[in-house]
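Beneath this line is the structure, given in structure tokens, with notes to follow.
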Amino acid sequence: MSAVPLRNNKAALAVRSVTVLGATGSIGDSTMDLLRASKDRYRIEALTAHTNVKALADLAREFGARYVAVADPGRLQELKDALAGTRTECGAGESAVVEAAARPAEWVMAAVSGAAGLKPALAAVDRGATVALANKECLVCAGDFFMQRAAQAGACILPADSEHNALFQALASGNREELVRVIITASGGPFRTWSSADIEQATLAQALKHPNWSMGQKITIDSASMMNKGLEVIEAACLFGLTAEEIDVLVHPQSIIHGMVEFSDRSVVAQLGAPDMRTPIAHCLGWPDRIIGPAAKLDLAKIGQLTFEAPDFSRFPGLKLAYEALRTGRGATTVYNAANEVAVAAFIAGKIRFGAIARLVEATLEAWISAGNLAPLASADDAIAVDYNARNKAATLLPQIALKAS
Ligand code: NDP
Ligand code: MG
């Protein structure tokens with residue numbers, strides 16, 4: 001018998017109740033894939049989507065979900081029809097998605113896209129659930145408030161974003177006082193080697209061609225602008241209580257090392273894996289144990305080389321703006337996220353050029369600060385109000401940004 005102590009595997013054997021918010025998206029799909037592989041170990045409490053009734057109803061049938069919700073209030077009848085003959089309850093509208101999160105699942109995947117995920121994520125947090133957090137925008141929108149509320153409620157937040165999951169794993173090697181900095185890696189996206197002039201004119205199809213990761217549309221565009229890395233810098237600050245100075249970004253085109261932590265003795269602890277979101281999600285699903293992940297085995301000899309570059313803040317100004325918003329605080333990160341969501345939607349709709357995404361975020365932040373609107377966020381309602389007002393501000397600035405060439 002091995003002298004190495006074996007873990008108590010009682011938790012692993014118990015059936016776990018699970019809810020997936022954003023079940024029909026890319027992260028939702030990866031999560032359902034993992035749940036599908038061990039169906040006898042999980043019971044699905046609730047699943048949600050925005051408009052995709054067909055995919056949601058198919059999942060509900062396959063997994064025998066107790067409750068499903070679509071955020072689009074106009075799709076209730078369609079959802080009821082799609083669930084005919086099942087025992088699955090259903091609802092529609094924003095409040096129905098919040099209800100899904102509030103139902104008693106032990107483990108919740110928060111994978112709604114955008115700040116729309118904030119209220120449902122808070123509903124899961126408030127009842128002290130274990131929340132695997134993929135939805136970075138909700139953290140960036142709520143700032144420190146989200147983590148404070150989680151601590152008050154006794155909720156457990158497990159970082160599902162690959163870089164933050166890597167940091168979460170590496171941070172176990174030391175304590176807060178011993179930490180010098182964290183490093184989150186970035187693939188650099190499809191425009192890593194492009195000139196500013198070419199990035200300015202990039203098309204939607206070009207922005208959607210991510211070299212390494214297969215993801216939802218919004219995050220793929222954010223990766224091309226490196227706004228995603230900006231959001232992730234803020235996400236890391238909120239999750240782990242770090243300052244802007246303690247977070248570095250390193251461009252690593254192969255996306256094999258996801259995050260690193262440097263400690264006071266100059267040891268740097270890294271987490272590696274193939275670029276497959278099922279690995280960090282599996283870590284969150286199994287935590288504190290490890291489950292079997294379906295991703296390809298990492299073959300470093302085959303990959304051959306891991307390369308690194310410093311990020312270029314002038315070609316990717318959105319990343320620089322994230323650091324500025326983080327240092328500014330008092331709602332600036334909420335504005336950063338809200339303006340970016342408006343800008344990405346405008347780019348998808350063909351209203352602005354790719355290069356104008358960062359310009360709209362910058363203009364919205366400047367207008368917000370010069371109007372004297374910065375104020376500490378004391379509640380989720382404060383964050384939601386700032387998010388709403390910043391979206392309106394960004395929308396009013398949009399026409400002049402659309403006209404202005406770089
Ligand atoms: P997708 O666009 O693929 O999926 C988003 C999911 O959220 C879908 O289920 C969608 O429903 C639902 N949804 C969208 N808008 C709303 C809304 N207003 N209210 C309620 N539900 C809504 O996104 P991803 O899976 O790529 O990303 C989800 C989150 O995870 C994002 O915050 C992203 O930044 C983060 N993330 C994603 C990674 C990835 O690899 N994809 C990696 C790391 C983080 P419907 O299908 O009906 O539209
Ligand atoms: Mg990430």
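Note: hydrogens, waters and symmetry copies are ignored here, and every other heavy atom, side chains too, is used. Nothing here was measured: the structure is a model prediction, and the numbers come from that model. Both counts, for ligands and for their atoms, begin at 1 and track the order of listing.
Among all non-hydrogen protein atoms, the one lying nearest atom 33 (C) of ligand 1 is I219 CD1, 3.9 Å. Atom 35 (C) of ligand 1 has its closest protein heavy atom at A134 O, 3.1 Å. Regarding atom 21 (N) of ligand 1, its nearest protein heavy-atom neighbour is V112 CG1, 3.6 Å. The shortest contact between atom 25 (O) of ligand 1 and any protein heavy atom is with I27 N, 2.9 Å. Of the protein's non-hydrogen atoms, the one nearest atom 5 (C) of ligand 1 is S113 CB, 3.6 Å. Nearest to atom 4 (O) of ligand 1 among the protein's heavy atoms is G25 CA, 3.1 Å. From the protein, the heavy atom lying nearest to atom 11 (O) of ligand 1 is H50 N, 2.9 Å. In this structure, atom 34 (O) of ligand 1 lies nearest to the protein heavy atom K136 CE, 3.3 Å.
The angle that E163 OE1 and E232 OE2 make at the Mg ion (ligand 2), rounded to 10°, works out to 100°.
Within the 4.0 Å heavy-atom criterion, the part of A71 lying near ligand 1 is the side chain and not the backbone. Looking at A23 against ligand 1, only its backbone comes within 4.0 Å, counting heavy atoms. Contacts between M277 and ligand 1 below 4.0 angstrom, taking non-hydrogen atoms only, involve the side chain exclusively.
Around atom NZ of K393, no more than 12 heavy atoms belonging to other residues, nucleotides or ligands sit under 6.0 Å away. Open room surrounds CZ on R87; 12 or fewer heavy atoms of other groups in view lie less than 6.0 Å from it. Annotation for Y388: atom OH does not count as buried by contact number, only 12 or fewer foreign heavy atoms lying within 6.0 Å. In the displayed structure, E94 atom CD is contacted under 6.0 Å by at most 12 heavy atoms of other residues, nucleotides or ligands.
Side chains of N165 and H258 form no contact here, defined as non-hydrogen atoms less than 4.5 Å apart. Residues R315 and D198 have side chains not in contact (no heavy-atom distance under 4.5 Å, counting atoms from C-beta outward). With a 4.5 Å cut-off on side-chain heavy atoms, L118 and F146 count as touching.
Taking the six-membered ring where tryptophan is involved, the planes of F191 and F354 are perpendicular, since the angle between them exceeds 60° and thus also 30°.
Closest heavy-atom approach to atom 18 (N) of ligand 1 within the set A110, A111, A116: this belongs to A116.
With respect to the Mg ion (ligand 2), D161 has OD1 as its nearest N, O or S atom.
The shortest N or O to N or O distance between T51 and ligand 1 is under 3.5 Å. Of the polar atoms of T24, at least one N or O is found under 3.5 Å from an N or O of ligand 1, judged by distance alone. For G216, a nitrogen or oxygen atom sits less than 3.5 Å from a nitrogen or oxygen atom of ligand 1, counting backbone and side chain alike. At a 3.5 angstrom cut-off on N or O pairs, D161 does not count as close to ligand 1. Residue S26 has at least one N or O atom closer than 3.5 Å to an N or O atom of ligand 1.
Near N52, meaning under 4.0 Å from one of its heavy atoms, ligand 1 places the atoms 46 (O), 47 (O).
Taking the charged nitrogens against the carboxylate oxygens, K54 and E78 have no contact shorter than 4.0 Å, which rules out a salt bridge. Salt bridge annotation for R61-D58: absent, with no cationic side-chain nitrogen under 4.0 angstrom from a carboxylate oxygen.
Using a 4.0 angstrom heavy-atom cutoff, E137 counts as in contact with ligand 1.
Between the side chain of K229 and the backbone N or O of T185 there is at least one donor-acceptor pair closer than 3.5 Å. The backbone N or O of N175 sits less than 3.5 Å from a side-chain atom of E178, completing a donor-acceptor pair.
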Item to check | Step-by-step side chain to side chain contact (heavy atoms under 4.5 Å, CB included) determination, L47 to M32 | outcome: CA-CA 10 Å; L47 301 172; M32 301 315 291; 3.7 Å; yes

